[in-house]
There are 2 protein chains.
Amino acid sequence: MERNNDKPQNASLKAYESIRDMILNGEIPTGARIVEDKLASIVGVSRTPIREAIQRLEQEHLIVNKLVVKPEEKELRNSFQVRILLEGYSAHCAAMYFTEHDLESLSECVRIGRTGSIDEIMKANERFHDVIVQASNNPIMIDMIDHMKSIIYLFRRTVISHNRPFLIDEHEKIYQTIRARDAENAERMMKEHLQADLDFSLHFIK
Amino acid sequence: MERNNDKPQNASLKAYESIRDMILNGEIPTGARIVEDKLASIVGVSRTPIREAIQRLEQEHLIVNKLVVKPEEKELRNSFQVRILLEGYSAHCAAMYFTEHDLESLSECVRIGRTGSIDEIMKANERFHDVIVQASNNPIMIDMIDHMKSIIYLFRRTVISHNRPFLIDEHEKIYQTIRARDAENAERMMKEHLQADLDFSLHFIK
DNA sequence: ACAATTCATATTGTATACAAATTTATTATA
DNA sequence: TATAATAAATTTGTATACAATATGAATTGT
């Protein structure tokens, strides 16, 4: 999810980002019915770009037949099952293919995770995962993980402000393992890390 | 890829299926430029459903900025890397959650694989994988694998008529392993099976 | 002959119109 | 009062119009 700051040039992208964000921050509540005309007037574009945005959001499973998806435990589990698989393997690849620059980015994320403001910490933690996914060097995998971000973000919304204990410690260990080019353990630790994330989230959702 | 025989009711789906099939069977050659108006008159609908179809095909990586994707070895490898991950894990899940009916379907596929006509064999082999993926019981994973089918099919187009030796034997072994509820080995064998498929395909692509 | 510039054409992005389908409200009937 | 039937309204799917962009051809100057 390239949370892009600069304003989107074309109406479709603007519509996509607007609607997605309205869903993610609860302005459009989960379970709500999506009506093209309403959104068109809210976003300030015609129905055409709204429809394209909806198609994209459907693809990301944030909208399922005109309804904003309601977070169910089962779906969070399913999403994480796939995410653990893909990001686990990304960590494996990252340990094999990382560049010096990747390494610097990762350690910078860990550092901010310990010293930054709440907001900086959250951004850095997201970025930590992004860097590893990118380092996998597989555009198809990168794309898939990217598509899963919205829905995972929605499900975790309630949790996201809390800061799970040990999260940064786990990041640091993963960083060191990647740095040591220990692909097997990097994969295993990433999987455990995400599993802990899931367990923590489930604790709040119920 | 639900190769649906009954005619699609709505124009978007019709457009999607038509364009996808034209690409897959080479009527629209790889590397060709996609022009909405042209396709609209070919398919016999307006540009609106054509655009929706294109968006979907872009999502499946069959079209990349108005060009039909050209099969490169690297992309086939990347796709298979993800597919091996996902279908491998599907096999793992299938071994844990399969129903009696799944088992019958799988053995039926193996049987047809040994006794059917060329066309029946191809269909049965595809179905073998479908049954396992469905048995994973994870709609998010099912959806992702489904989206990868078009591009893998495109890359393998040249190979698809050949019948790789041992393919059915491998299917049969996987079937037996799943039946024995041996999840670990089912996963390992599925991964090896798909890796062999990839290697075989690469042999032809170069 | 080749690069740069201008013009013409083709193509896309977006808005809008309208009919078909769906949903909601209203009335009639048991 | 509850249920079925009908009508009104909303909403979607598709086509089309038109302006903004992009592409490519023709023209000019070097």
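So you know, we letter chains A, B, ... as the sequences are listed, proteins then strands, and number each from 1. Everything numeric in this text was worked out from a predicted model, so none of it was measured.
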Under 4.0 Å between a side-chain N/O of [X] and OP1 or OP2 of [N], yes or no?
X: B/T48; N: D/dT16; result: no
X: B/S46; N: D/dA15; result: yes
X: B/K66; N: D/dT21; result: no

When you measure from the side chain of [X], which nucleotide among [options] comes out closest?
X: A/P49; options: C/dA15, D/dT12, C/dT12; value: C/dA15
X: A/K38; options: D/dT11, C/dC18, C/dT14; value: D/dT11
X: A/N10; options: C/dT14, D/dT12, C/dT11; value: C/dT14

Expressed as a whole number of angstroms, how long is the span from A/R51:CZ to C/dT14:C1'? 14 Å
Using whole Å, what does the distance between atom C1' of nucleotide D/dG13 and atom CD1 of B/I50 come to? 14 Å
N-O pairing of [X] and [Y] below 4.0 Å:
X: A/R56; Y: A/E52; answer: no
X: B/R114; Y: B/E172; answer: yes
X: B/E87; Y: B/K191; answer: no

Partner set under side-chain contact (heavy atoms from CB on, under 4.5 Å) for B/S117, not counting sequence neighbours: B/D119, B/E120
Using a 4.0 Å heavy-atom cut-off, does A/I34 contact any base of the nucleic acid, only the sugar-phosphate backbone, or nothing at all? sugar-phosphate
